[in-house]
Amino acid sequence: MLKLFNTLTRRQEVFEPIEPKTVRMYVCGVTVYDYCHIGHARSALVFDVLRRYLEYSGYAVTFVKNFTDVDDKIIKRANEQGVSSGALATKYIQAYHEDMGRMGIRGATEEPRATEHIADIIQLTEQLVNRELAYVVDGDVYFEVSKYPEYGRLSKRRLEDLQAGARVEVDERKRHPMDFALWKSSKPGEPAWESPWGPGRPGWHIECSAMSLRYLGETFDIHGGGMDLIFPHHENEIAQSCGATGKEFARYWVHNGFVQINKEKMSKSLGNFFTIREIFEKSEWSWSEEVTGEILRYFLLSTHYHSPLDFSDQALKEAKNALDGFYDLFNRLHETNESGGEDGGLLQAAAERTRESFHRSMDDDLNTSAAIAALQGLRSEVNKMVDKDLSTSNRKNVRHEFRSLGNILGLFQLDKWQFNPSVPCVGMNVESGMSISSRKTHPILGGQSSWVPTLSDSEVETRIAERREAKKRKDFKRADVIREELKSFGITIEDKPDGTARWKR
RNA sequence: GGCGCCGUACCCAAGUGGUAAGGGAGCAGUCUGCAAAACUGCGAUGCAGCGGUUCGAACCCGCUCGGCGCCUCCA
């Protein structure tokens, strides 16, 4: 039984969908005028995991995530670059898909752009004007906040309080300072659409009301987004949607906490942000290691989604190390064991305990840290079993267990150790005959090239075979030289009792 | 001025009334030619501080200190 913290009631509530076995959810995506930063990644990831868990739990999920592709920032930047705002938006939507795809974040069922729904927006705005909840001034249309008695329900703010410390410049044409634009008349050179109030473009909040109505209906189950959207964005959405339909809007409001840098919110305005692609290129702790989507996921899920989360190299490194432990085990599980132990019962019991604990944690408002702890517990137990004696089929079974629970978090899906993501797509360096990967200085070969040589799988295998021969001859000196050489390419060897060795990048 | 969040070991982090999960790092040991991995052991009489409620509090209440967010675009 899933419980979610509902911002509307400020309480954890048992999740019950409107229609049995069906979930309709809407999540506010991004305004596409720049590359996404790690904060955007967290939000996208949280709802990706919520969606995965709902599906895993047997719900059919309709998941809508919008792109805001017309707004002041987009127009400004498009003008600076001399391109149309539509083209600029398209470029960053593509980048969004690349970045999120690399993090294993699945696409939504629908990913509408605001400009594809101008007709819906105009229709909804007209409805609000007709109901006298909105008024027209000089081609602008404003929502009249004081006509909607429940305004402030989500953010727990009262109109009087809002006025007191408001930093808003008061537009004299507005009837109340908190009235917000549904439709903005366009200035020359700005993108514009014909409307009953003259050429213009939609305000920010109305697109979400219009598009959720279009794809999910008047009332739907879950509405999500970052904490900072609670006010005014989501408050305004509620006012518009409930005002227009007279029906309940979204039933569960889920908001994720911020990613911070040194305890401060990461944001464009503070300039203290890292884009996702920047992080993927980061590799400060070691020349050979890059950040992968899985490391980023592990890091972001190691804290409950509602809490703030501090981003740092060290935190990323810790996530990497923790993940290493899992993949070390998976490597052991891939190996066969002819003796075949009799420990299936023990294993099943451990897996069962883990599953229960995992489900309990996820049901508790998506407590991913506790869920990961359950998986860590199984890792430790299985390692002990492998040490003792675990049959080949049991190894397969438990690897499957990790894969299936891990899939809810988007972890553990790789077949083999692959922490250096550029390895599978290496080119060849003609001079050295070695394949090349990441752009950093090799500790031995030096920095004459911006590309670091690495070894292909077969090159590694050859050296390992040679080392095995050396070990047979008790030529440990030679064996150590080979190991050192491989290490300089970022390859670590683990000798096994039978004389063979497993290796990893 | 209004609304709200956070403070748990060296680091990250769960736990919201019954006596401190988990991970990372560290140290010691077992195994090993040596490493690596794995395993075993060690690690907060303590949950920012002070008071209160209670048989019992990290968890509830009050105050204080420290950090932060929203009220303007923001995931």
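What you see is a predicted model, and the numbers here were worked out from it, not measured in a lab. Just so it is clear: chains get the letters A, B, ... in the order the sequence lines come, proteins before strands, and each one is counted from 1.
In the model, A:Asn383 has a side-chain atom that pairs as donor or acceptor with a side-chain atom of A:Arg332 under 3.5 Å. Side chains of A:Asp365 and A:Tyr305: a donor on one and an acceptor on the other come within 3.5 Å.
Proximity of A:Arg379 to the phosphate of B:G24: a side-chain N or O atom is located under 4.0 Å from OP1 or OP2. Residue A:Asn321 places at least one side-chain N or O under 4.0 Å from the OP1 or OP2 atom of B:A25. The phosphate of B:A75 has neither OP1 nor OP2 within less than 4.0 Å of any side-chain N or O from A:Asn256. Checking the phosphate oxygens (OP1, OP2) of B:U40, a side-chain nitrogen or oxygen of A:Lys384 falls inside 4.0 Å. A close approach under 4.0 Å does not occur between any side-chain nitrogen or oxygen of A:Arg157 and OP1 or OP2 of B:G4.
In this structure, A:His233 reaches neither bases nor backbone, as no heavy-atom distance under 4.0 Å exists between it and the strands shown. As judged by a 4.0 angstrom heavy-atom cut-off over every strand, A:Gly29 is placed among residues touching the sugar-phosphate backbone only. Within 4.0 Å of A:Arg483, counting heavy atoms only, lies at least one base atom of the nucleic acid. Counting non-hydrogen atoms under 4.0 angstrom, A:Met266 reaches a base of the nucleic acid. Among the protein residues, A:Ser361 comes within range of no part of the nucleic acid, since none of its heavy atoms lies under 4.0 Å from any strand. When heavy atoms are screened at a 4.0 angstrom cut-off, A:Ala315 is found touching no nucleic acid atom at all. Using a 4.0 Å heavy-atom criterion, one finds that A:Phe476 contacts the bases of the nucleic acid, with or without backbone contacts as well. At a threshold of 4.0 angstrom between heavy atoms, the contacts of A:Ile493 include nucleobase atoms, whether or not backbone atoms are also involved. No engagement by A:Pro497 is indicated, since no non-hydrogen atom pair under 4.0 Å with the nucleic acid exists. A:Val259 comes within 4.0 angstrom of a base, heavy atoms only. Here A:Asp310 lies out of heavy-atom contact (under 4.0 Å) with every strand. Contacts of A:Phe258 with the nucleic acid, taken as non-hydrogen atoms under 4.0 Å apart, include base atoms.
Nucleotide B:C59 has no partner under the Watson-Crick or G-U criteria, as no pair reaches both atom distances under 3.5 Å. In this structure, B:G29 and B:C39 make a Watson-Crick or G-U wobble pair, each of the two defining distances being under 3.5 angstrom.
Heavy atoms from other residues, nucleotides or ligands lying under 6.0 Å from CD of A:Glu335 number more than 12.
The only member of A:Val32, A:Leu88, A:Thr31, A:Thr90 that meets side-chain contact (heavy atoms from CB on, under 4.5 Å) when paired with A:Asp69 is A:Val32.
Among the nucleotides B:A25, B:G23, B:G33, the one closest to the side chain of A:Gln376 is B:G23. Across B:G69, B:G24, B:A75, the shortest atom-to-atom separation from the side chain of A:Leu229 is found for B:A75. Counting only heavy atoms from C-beta on, A:Lys156 has its side chain closest to B:C3 among B:C39, B:C34, B:C3. The side chain of A:Asp364 lies closest to B:G15 when the candidates are B:A37, B:G15, B:A13. Among the nucleotides B:G69, B:A13, B:A38, the one closest to the side chain of A:Lys265 is B:G69.
In this structure, A:Ser155 and A:Gly225 both approach RNA chain B, and ranking their closest nucleotides by distance from the 5' end singles out A:Ser155. Checking A:Tyr298 against A:Thr492, the closest nucleotide of RNA chain B that is more toward the 5' end is the one next to A:Tyr298.
Figure legend: A:Lys317 and A:Phe299 shown without cation-pi pairing, the cationic atom not lying both under 6.0 angstrom from the six-membered ring centre and within 45 degrees of its axis.
Applying the 3.5 Å distance criterion, the base of B:G15 shares no donor-acceptor pair with the side chain of A:Asn367.
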